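Convention: sequence-line order gives letters A, B, ...; per-chain numbering from 1. Model, not experiment: these values are computed from the prediction.
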Amino acid sequence: MVSADAVELIVHRGVELQSISLANARAMFGLRLARWPDGKLVRVFVLPDSHPLHGRMSKERLDLYPYQLRQTWDRLIYSGMAQAPIEVASEEEMLAKVAATPGAIGYVNKARKNDPVSILQVE
Amino acid sequence: MIRSASCRLNRALGLGAALLALYLPPAAAIDLGENAQMHGFVSQGVVHTSDNRVGGGSDDGLAADMRELGLNLSWRPNSDWMLSAQALARWAGAADEGEPRLDYGFVDRSLFSSDSSHVGLRLGKVKNPLGFYNTTRDVAHTRPGATMPQSIYLDRVRNFYLAAPGASLYGLHTLDRWEANWSLNFVRPEADDVDLEYLLLLNNWSGHIQGRPSWLGQLMLDRDGGRWRFGLTVGNINMRYKPAGVLDPIQAGEHNLDTWVLSAQRNAEKWSLTAEYSQTDNKVGDYGFAFPVFAIRNSTNTVESWYVQGLWRPAQDWSVYLRRDEIYLNNKDKDGISYGLLFPGQGHATYGKSWTLGARRDLGAWSFWAEWARVDGGLWLSPQEMPNPKKEWDMLMLQAAWRF
């Protein structure tokens with residue numbers, strides 16, 4: 001599953017987890033789980049639905065089709081049960097926003113060692 | 001006069017808001033800072049029917065009185081609290097004329113959290129869980145087609161089932177390949193609705209139906225991130241007819257609905273298959289003998305309904321769907337023969353059977369539908385708009401929706 005250029009989940013450095021279960025990662029990106037174990041609010045950052053990296057993250061990291069995420073989001077956002085993920089335009093913006101926002105989770109194509117974020121493994 | 005003036009005002013407001021929406025920036029959301037968000041949607045449909053009116057004068061013409069407009073706000077100061085509210089206006093012929101209303105408005109408090117569980121409580125006007133789609137049935141792009149399957153989501157009782165003042169306890173649990181989401185709502189249904197009165201009491205009487213303490217519970221199980229989804233909704237909904245006074249021909253009476261819905265869905269990359277089945281026991285009592293119909297209706301009948309829908313995605317932004325949908329007001333009188341003895345020629349008003357074929361195209365924040373339905377029966381139709389429906393009819397609907 002993990003190839004050399006696999007999409008990686010990244011989190012704000014204040015998030016103390018190194019790994020997360022697949023079910024919890026799905027629930028977080030699905031906006032149904034909005035709380036880290038330490039009680040901090042989860043802030044989800046995503047690229048636009050049509051961005052190739054978004055499609056790859058859905059399939060490779062969450063094993064979901066992007067349309068499933070969109071359907072779940074819309075049902076929760078328009079019934080008041082969750083807040084929408086925050087959409088960013090590029091990977092650079094993703095990295096900057098996740099680094100700057102406590103509780104943030106997002107994804108990049110390949111995180112580098114000196115990036116100001118932590119990598120979150122999905123188990 | 002007043003009604004028609006308010007109608008015109010509503011129409012103007014709706015059009016104005018729709019135009020305003022088009023000039024807003026096409027952002028995914030408007031982030032108001034400090035964890036507050038605003039979202040909205042607008043939809044417009046055009047309907048043509050071979051017989052029977054839908055959304056105004058669709059019979060042998062075009063009806064454009066099919067519109068939805070919503071705006072919501074949410075604020076999440078931390079992971080323990082959230083405030084959410086949505087205003088909605090909807091136009092659907094004579095049944096809904098665009099009066100703005102509170103769609104939901106509640107405070108959400110987190111009660112318990114662990115690695116694999118979360119439990120919370122919502123208080124206020126909460127959305128009622130019913131099948132896969134009830135909570136966002138007025139939001140076009142979340143529907144399984146341009147129209148809702150009328151079997152499970154009959155528009156004639158939509159206001160009643162949609163949301164109600166009360167409390168909702170909910171939870172999420174994850175375990176390996178499974179995720180369970182449940183909710184238990186204790187509400188007092190908003191039952192003062194003309195369409196509901198027609199359905200339960202066959203007329204718009206001078207008194208009112210009042211909601212009594214009721215509950216609805218739902219369990220949804222997702223396997224492999226929703227490749228498979230299974231749901232069960234169970235509820236007990238209580239109402240009481242309150243006569244307008246001593247001159248009201250109808251005496252006080254009770255309605256008690258026991259309902260359950262089974263839901264199942266298979267999601268693959270290129271296709272989805274969805275099926276839902278429901279039964280609702282309608283227990284009627286205490287009406288006395290003031291009106292002959294009610295002597296008969298002081299009894300139990302069971303509403304039975306189901307649909308199966310296949311959806312195919314030939315490309316990322318395209319989908320095509322085919323649906324078979326059936327609903328019977330009384331499962332012991334599926335052809336409406338007994339009903340037809342009381343109301344000659346109207347036996348078919350007790351059922352609705354249909355084939356629906358549709359296509360959807362998504363373009364960013366926009367979605368477009370074209371949908372055709374061949375319908376046998378008149379149960380879908382609001383008697384306010386169509387007191388004596390024809391038995392067999394076709395409906396063609398075009399719809400556009402935009403959201404932010």
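- Put simply, NZ on K270(B) and OH on Y67(A) are 11.0 Å apart, with the number rounded to the nearest 0.5 Å.
- If you measure heavy-atom distances from E179(B) to chain A, the contacts under 4.5 Å come from the side chain alone.
- Across R76(B), Q86(B), E269(B), H141(B), the residue that shares the most heavy-atom pairs under 4.5 angstrom with chain A is E269(B).
- Side-chain contact between R75(A) and F132(B): absent, with no pair of heavy atoms (C-beta onward) separated by less than 4.5 Å.
- Put simply, of P48(A), S50(A), S79(A), A82(A), the one with the most heavy-atom pairs under 4.5 Å next to chain B is S79(A).
- In this structure, chain A has heavy atoms under 4.5 Å from both the backbone and the side chain of D115(B).
- For residues 165-177 of chain B, the interface with chain A (any heavy-atom pair closer than 4.5 Å) comprises L172(B), T174(B), D176(B), sorted by residue number.
- Under a 3.5 Å cut-off, the side chain of Q83(A) and the backbone N or O of N35(B) do form a donor-acceptor pair.
- If you take OH on Y104(B) and CE on M81(A), they are separated by 8.5 Å, rounding to the nearest 0.5 Å.
- More than 12 heavy atoms of other shown residues, nucleotides or ligands fall within 6.0 angstrom of atom CD in E93(A).
- For the pair R35(A) and S110(B), the minimum side-chain heavy-atom distance is below 4.5 Å.
- Of the two parts of R227(B), the backbone and the side chain both hold a non-hydrogen atom closer than 4.5 Å to a non-hydrogen atom of chain A.
- The shortest distance between side-chain heavy atoms of L33(A) and H118(B) falls below 4.5 Å.
- Atom OH of Y65(A) is separated from atom CZ of R313(B) by 9.5 Å, given to the nearest 0.5 angstrom.
- Using a 4.5 Å cut-off between heavy atoms, S272(B) touches chain A through its side chain atoms alone.
- Between D222(B) and R26(A), none of the side-chain N atoms (NZ, or NE/NH1/NH2) sits under 4.0 Å from a carboxylate O, so this pair counts as no salt bridge.
- The number of heavy atoms from other shown groups lying within 6.0 Å of CH2 (W75(B)) does not exceed 12.
- Under the 4.5 Å side-chain criterion, counting only non-hydrogen atoms from C-beta, D74(A) is not in contact with T136(B).
- The minimum heavy-atom distance linking G80(A) with M82(B) is given by the pair O-CE, 3.3 Å.
- Residue W182(B) places its CH2 atom among more than 12 non-hydrogen atoms of other residues, nucleotides or ligands, all under 6.0 Å distant.
- With a threshold of 4.5 angstrom between heavy atoms, L64(A) approaches chain B through its backbone and through its side chain.
- With a 4.5 angstrom heavy-atom cutoff, R229(B) touches chain A only via side-chain atoms.
- We find the OG-CG distance between S74(B) and L76(A) to be 11.5 Å, quoted to the nearest 0.5 Å.
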Handout entry: Derivation and outcome, salt bridge (Lys or Arg N to Asp or Glu O under 4.0 Å), residues D362(B) and R70(A)
Key = CA-CA 12 Å; D362(B) 290 302; R70(A) 173 49 64 191; over 6 Å; no
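- Looking at Q68(A), only its side chain comes within 4.5 Å of chain B, counting heavy atoms on both sides.
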Ignoring hydrogens and angles, write down the donor-acceptor pairs under 3.5 Å from the side chains of residues 114-123 of chain A, residues two or more places apart or on other chains.
| from | atom 1 | to | atom 2 | distance (Å) |
| --- | --- | --- | --- | --- |
| D115(A) | OD2 | R112(A) | N | 2.7 |
| E123(A) | OE2 | S19(A) | OG | 3.4 |

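- R403(B) forms no cation-pi arrangement with Y78(A), by the criterion of a distance under 6.0 Å to the ring centre and an angle within 45° of the ring axis.
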